[in-house]
Amino acid sequence: MLSGPQNSSAKADLAANHLAANLLRLRERIAAAASRAGRDVDSVTLLAVSKGQSVASLQAAQALGLAAFGENYVEEALPKIHALQGNAAAWHFIGRPQGNKTRDLATHFDWVHGIDRARIAGRLAEQRPAEVTPLNVCIQVNVAGEASKGGATPAEVPALLDALAVLPRLRLRGLMCMLPFGLEEGAQRAGFARLRLLLESANMRGHALDTLSMGMSGDLEAAVLEGATLLRIGTALFGPRG
Ligand SMILES: *Cc1c(COP(=O)(O)O)cnc(C)c1O
């Protein structure tokens, strides 16, 4: 069996080439969707969802200019955050925050997307260190009404937004959703449009939300068409999760 530094660096080169090719294809998809939507492609931020990926893959992604990473599990994320320390990456927590993990989130992350309870947001506000910038937060909304999924119901969103807006050390940025897999584009667009309308009506009531965190590898086109500002992309970038 081949082994040794030569083989492993050849492997790393190959992986980096795959990543570069995937990124190119992904940027083409985003650009095509933005053009279909009549939107400036720079109005869409790409969040590299790095759950299940190695530190080496994250470093390769950084070398290609990706600056923001999304993780679902605190225990998996902390060593990666530590390994990339000093590299100015932004860390987004995109899982469902558990009560016993809020201190790690408040200390080590820049964004938390999956908030659906005021109590969790209160703990994050309490535990966010005073010497760093406020923690950016999004409320997750269960737009499809799936029984098994996390997220606030659309009806709960206005009160939740009002509760979060007054918390110190948090910066309320917007709304996040995740659609069921395998929907057709029309149904994807209807789901994402629902999130956009919730954000627009919140802003009409006086909030200043600027983030629609929606769209993954399989539905990013529909998300861009409905106004996504932040796409959370894993497999289309890194390939299948290891
Ligand atoms: C895993 C995950 C993603 C990325 O999904 P892909 O289909 O791999 O692009 C996005 N958002 C959340 C919340 C996830 O858990």
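Values reported hereafter were calculated over all heavy atoms of this structure, with side chains retained and with hydrogens, waters and symmetry mates removed. Because the structure is a prediction, the values reported are computed rather than measured. We're numbering straight along the sequence, starting at 1. Counting starts at 1 for both ligands and their atoms, in listed order.
Counting heavy atoms under 4.0 Å from ligand 1, residue T235 touches it through both backbone and side chain.
Of the possible donor and acceptor atoms, none in the side chain of R232 sits under 3.5 Å from a partner among the backbone N and O of G215. Counting only distance, with no hydrogens or angles, the side chain of R39 and the backbone of A34 share no donor-acceptor pair below 3.5 Å.
The nearest protein atom to atom 11 (N) of ligand 1, hydrogens excluded, is given as R232 NE, 2.8 Å; this is a heavy-atom distance. Protein heavy atom closest to atom 12 (C) of ligand 1, with residue, atom name and distance, is I94 CD1, 3.6 Å. Summary of contacts: the protein heavy atom closest to atom 2 (C) of ligand 1 is K51 NZ, 2.6 Å. The closest protein non-hydrogen atom to atom 5 (O) of ligand 1 is M216 CE, 3.4 Å. Taking atom 6 (P) of ligand 1 as the reference point, the nearest protein heavy-atom neighbour is S217 OG, 3.4 Å.
For ligand 1, the polar-atom distance check finds no N/O of A236 at less than 3.5 Å from any of the ligand's N/O atoms.
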Residues 56-68, side-chain donor-acceptor partners within the protein, below 3.5 Å, at least two apart:
residue, atom, partner, partner atom, Å
S57, OG, S54, OG, 3.1
Q62, OE1, N87, ND2, 3.0
Q62, NE2, N87, O, 3.1

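Expressed to the nearest 0.5 Å, how far CG of L230 lies from CZ of R173 amounts to 9.0 Å.
Sequence neighbours left out, the pairs with a member in residues 111-128 that pass salt bridge (Lys or Arg N to Asp or Glu O under 4.0 Å) are R96-D116.
Those atoms of ligand 1 that come under 4.0 Å of a heavy atom in I233, given as number and element, are 9 (O).
Side chain to side chain, D162 and H207 meet the donor-acceptor criterion of an N or O pair below 3.5 Å.
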